[in-house]
Number of protein chains: 2
Amino acid sequence: MECPNCKLNEDLEFTRKVVKAGIVRGAQRYYCNHCKTHFSEKRKLKIENKNSHQITILDIAKHLGIAPSTVSKALNNKSDINVETKNLIVKLATDLNYKPNHFAKSLSRGNSNTIGVIIPNIERPFFAAVLAGIQSVASKAGYSVIICQSDESHQTEILNIQTLMASRVDGLLISHTKETSSFEHLKIHRNKGVPIVHFDRISNEMDSSKITHQNKEGSFQLVEHLIENGCKRIAILAGPKELLISNDRLDGYIAALNKYAIPIDNDLIYNSNFQKDETTKVLDFWLSLENPPDAIFTVFYLNAIEMMVEAKKRNIKIPEDIAFVGFGDDLIAELFEPSLTVFHLFPFKMGEKAANVLIENIINNEHSKSKTLEITGKLIVRKSSLKS
Amino acid sequence: MECPNCKLNEDLEFTRKVVKAGIVRGAQRYYCNHCKTHFSEKRKLKIENKNSHQITILDIAKHLGIAPSTVSKALNNKSDINVETKNLIVKLATDLNYKPNHFAKSLSRGNSNTIGVIIPNIERPFFAAVLAGIQSVASKAGYSVIICQSDESHQTEILNIQTLMASRVDGLLISHTKETSSFEHLKIHRNKGVPIVHFDRISNEMDSSKITHQNKEGSFQLVEHLIENGCKRIAILAGPKELLISNDRLDGYIAALNKYAIPIDNDLIYNSNFQKDETTKVLDFWLSLENPPDAIFTVFYLNAIEMMVEAKKRNIKIPEDIAFVGFGDDLIAELFEPSLTVFHLFPFKMGEKAANVLIENIINNEHSKSKTLEITGKLIVRKSSLKS
DNA sequence: AGTGATTGCGAAAACAATTTCGATACAAAT
DNA sequence: ATTTGTATCGAAATTGTTTTCGCAATCACT
């Protein structure tokens, strides 16, 4: 065995004394008593992964005999480059089917070109449509989207935020849990300058941008529509008190009653948690009143469907005995018998708008400017409310 | 103005002749006639972004006076490290709230810990549920998920694949477009060793792993159920011929008819594209037959609902005149009048399974081993098929 | 000739991890 | 006493990109 050290030094005449010196990581190890140095056999590595080699900026640079920095400039439309060399580089890049490595780019630039989305549940048609809207504008703008579900759990929401921040998202779109009433977990990142846009389930406690529905206006229209159809005792199944969205809708309800000088009856106002068993209980409570409601407005349209199912079981005529209206829309609201009068929301549009605002904020670094946008909805009258 | 070069060399006694030499990138530039060198004023940069500095492996190393490589080993459970130093490092890392930079990790390791999913449309409840299942197991295994929608367009599907591959996903989950009949765009990557798992809309043309429903069995059960309920002329609204899933379901239909010696009538077999206007046309065609069907089986449950809506408009009694059954389930199938008998699928489970198989393939590098798994479904009998 | 401005390019330093392998110390075996 | 094995650590290379800034060349004025 020859000592590579002595060999290099060409001290060939010296008495070399190379002895074995154990095995390290599977390879025989030697010790040269001449140059007092250890060495081991080089392992044959790099399993020739030429086939999986993605071509890089360096490959292009070598091909053309130029520097990688020049290639980078050409591919990123920097001004600091000659048009001819740029064209040369761009052509070769497309010819070689060059795809930039996002990880290297992100590492170097310090951003990810990714936005995070937190929604309660992807399986709810509303949120699925919002997502579709978000995806649509995000991909057009060159952003990827990471989606997290909070499952209506405040704890999970906090974990989601940690996950997304660990993924170094450039911005955050969030619709809160119905449990969420404190926002410290978000404010931390907001204060660090992460752009955040709230949608649907928003809060006034944060000064970030918000996209919301015409909650007050929609409620008002629904209730006014009921009143115009002769309803006088209108009950409301409102949402959780924590949610701003619930309160806004409640406000619209009250505003409409006030306009028509209908007294507010607290028995007819119930804050629910959107759970099915709860809605049934509330329905029975209202039916048990000596003066039961002649119309029910649920803040979440599915609750109206659930209530109608139960009401039909109890032989209540809809809309003659009780009319129903709800917030939000779906195929089921249209096809259920009787079809449900709703204030139709535009979730896809909401997603588009939210993503737009967020990306604007990211690009312009407008952490501070916070605006609130309302997506216009639309009253769709169907059978469940037409008493005539 | 002092020349930084001469200053460094401490040649202070030399006559230094520093002259202005233009402005470069907004900064004054100078030329030193002594050392024949250009220099410009250093700009005050690095806007003190200390507050946004994420702590790195190097910070930990410096704190403890050790090498970053040691920290990396400690944080990655490598054997090559002392338990005590490891504990020390881990403690400091948690104290400092260290979050590894995924980009650096991916760049260095050459993988992304991300899986790509391509579905036709996120807004269809079935796919939303599959996604939820995928997310569930992926996040538990430490994988992120990127979602792309093909929108039933073969071209978009190809673009999706390019996007995902450019994102260097570690593996791919895909449910094909109803247009898709060639698979070259996928095979390229498959041959490069990218693990791919197909689900729902699968194909036999590729040798990758597949997760499917009990398509034949489910069809068979639905049709048998119809026959047991006295139906003799059973029509089937099958899916596009390109889809394997359509053909499997058609096979189940034929098998059931054969078992009960009911002749196959080609007038009663129609390959549709799942479009609403088409289903209406087909319904009218069937109604116009001199011997119209007494039951209709749609391969996609929503088509059954659509047909029932139209049938009701034409005063057809369901199930007395025509019974309906379909593949797939949803709240609407349960609440529509009459409620629809279906072969209930388990999309969430399908998503879980698909993600599991894919991650297994990724970890074990099993590009070659391809298995096909069937998710068991369940016949749910409702009113639309009970003639008695 | 002296000064000012502009253009095009490249070397080198980040970016934040992982991985390889040399070095050392010490224990155990021969 | 010499040889071998093991445990622990760190220096340096690697990953692919962006960014900064120096340098040379050129042109246009005085």
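We name chains A, B, ... by the order of the sequence lines, and we start the count at 1 in each one. Here the structure is a predicted model, which means the values were calculated and not measured. FYI, side chains are in, hydrogens and waters are out, and symmetry mates aren't considered; it's all heavy atoms of this structure.
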**Q** Side chains of A:Asn160 and A:Ser150 only: does a donor on one sit below 3.5 Å from an acceptor on the other?
**A**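 Their side chains do not contain a donor-acceptor pair, so the 3.5 Å distance test is not met.
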
**Q** 5'-most contact on DNA chain D: A:Asn76 or B:Ile81, nearest heavy atom basis?
**A**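 Mapping each residue to its closest nucleotide by heavy atoms, the 5'-most match is B:Ile81.
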
**Q** Closest to the B:Asp80 side chain: C:dA17, D:dC9, D:dA12?
**A**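 The answer is D:dC9, which lies nearest to the side chain.
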
**Q** Please give, in whole Å, the distance from D:dT14 P to A:Gln54 CD?
**A**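 Taking CD of A:Gln54 and P of D:dT14, I get 20 Å after rounding.
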
**Q** At less than 4.0 Å, is any side-chain N or O atom of B:Thr85 found next to OP1 or OP2 of D:dC9? Yes or no.
**A**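 Yes, within the criterion.
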
**Q** Please work out if B:Thr56 contacts a base, only the sugar-phosphate, or nothing of the nucleic acid, heavy-atom cut-off 4.0 Å.
**A**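 Sugar-phosphate, backbone atoms only, no base.
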
**Q** Which of these nucleotides, D:dG16, D:dG10, C:dA11, is closest to any side-chain atom of A:Asn101?
**A**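 Side chain of A:Asn101 sits closest to D:dG16.
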
**Q** I'd like to check the salt bridge (charged side-chain N to carboxylate O under 4.0 Å, His left out) partners of A:Glu360; sequence neighbours left out, ordered by chain and number.
**A**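 For A:Glu360 the salt bridge (charged side-chain N to carboxylate O under 4.0 Å, His left out) partners, ignoring immediate neighbours, are A:Lys371.
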
**Q** Check the side chains of A:Lys105 and A:Asn113 for a donor-acceptor pair under 3.5 angstrom, ignoring hydrogens and angles.
**A**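 No, no side-chain donor-acceptor pair sits under 3.5 Å.
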
**Q** For atom CD of B:Gln155, is the number of surrounding heavy atoms from other residues, nucleotides or ligands below 6.0 Å larger than 12?
**A**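 Atom CD in B:Gln155 is not packed in, count stays at 12 or less.
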
**Q** Specify the separation, in whole Å, of atom NZ of A:Lys86 and atom P of C:dT7.
**A**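 Spelled out: NZ on A:Lys86 to P on C:dT7 is 14 Å.
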
**Q** For A:Phe103 and D:dT18, what is the distance between atoms CZ and C1' respectively, to the nearest whole Å?
**A**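 About 17 Å, once rounded to whole Å.
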
**Q** Check the side chains of B:His198 and B:Ser209 for a donor-acceptor pair under 3.5 angstrom, ignoring hydrogens and angles.
**A**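 Side chains of B:Ser209 and B:His198: no pair found under 3.5 Å.
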
**Q** Using the side-chain contact (heavy atoms from CB on, under 4.5 Å) definition, which of the options B:Ile147, B:Ile118, B:Val194 pairs with B:Leu164?
**A**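 Among the candidates, only B:Ile118 passes.
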
**Q** Verify the contact: side-chain N or O of A:Lys78 to OP1 or OP2 of C:dG8, cut-off strictly under 4.0 Å; return yes or no.
**A**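 Answer is no, no contact under 4.0 Å.
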
**Q** Figure out the CG/C1' separation between A:Asn82 and D:dA24, and round it to whole Å.
**A**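 Rounded to the whole Å, the gap is 15 Å.
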
**Q** Using a distance-only criterion (donor-acceptor N/O pair, under 3.5 Å, no hydrogens), is the base of C:dA11 paired with the side chain of A:Ser69?
**A**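 Between C:dA11 and A:Ser69, which were checked side chain against base, a qualifying N/O pair under 3.5 Å is present.
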
**Q** Using whole Å, what does the distance between atom P of nucleotide D:dC9 and atom CG of B:Leu88 come to?
**A**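 Spelled out: CG on B:Leu88 to P on D:dC9 is 10 Å.
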
**Q** For atom NZ of A:Lys353, decide whether the heavy atoms of other residues, nucleotides or ligands shown that lie under 6.0 angstrom number more than 12.
**A**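 No.
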
**Q** Output yes when at least one side-chain N/O atom of B:Ser72 is less than 4.0 Å from OP1 or OP2 of C:dT18, else no.
**A**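 So the side chain of B:Ser72 is within the cut-off, an N or O lying under 4.0 Å from OP1 or OP2 of C:dT18.
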
**Q** Could you tell me the separation between the NE2 atom of A:His102 and the P atom of D:dT18, rounded to a whole number of Å?
**A**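 Spelled out: NE2 on A:His102 to P on D:dT18 is 11 Å.
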
**Q** Indicate, with a heavy-atom threshold strictly under 4.0 Å, whether B:Leu58 touches base, sugar-phosphate, or nothing.
**A**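 It contacts nothing in the nucleic acid.
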
**Q** Under the criterion side-chain contact (heavy atoms from CB on, under 4.5 Å), I'd like the reasoning laid out for B:Val71 against B:Ile66: C-alpha separation, chi angles, the key distance, then a yes or no.
**A** CA-CA 8 Å; B:Val71 179; B:Ile66 58 177; 3.8 Å; yes

**Q** For B:Lys73 and C:dA16, what is the distance between atoms NZ and P respectively, to the nearest whole Å?
**A**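 Checked: the NZ to P distance equals 21 Å.
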
**Q** Could you work out which one of D:dT8, C:dA17, C:dC9 sits closest to the side chain of B:Pro100?
**A**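 Selected nucleotide (nearest to the side chain): C:dA17.
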
**Q** In whole Å, what is the span from the OH atom of B:Tyr98 to the P atom of C:dT18?
**A**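 Result: 6 Å.
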
**Q** Hey, can you pull the residues of residues 104-113 of chain B with a non-hydrogen atom under 4.0 angstrom from DNA chain D?
**A**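 Contacts with DNA chain D under 4.0 Å: B:Leu107, B:Ser108.
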
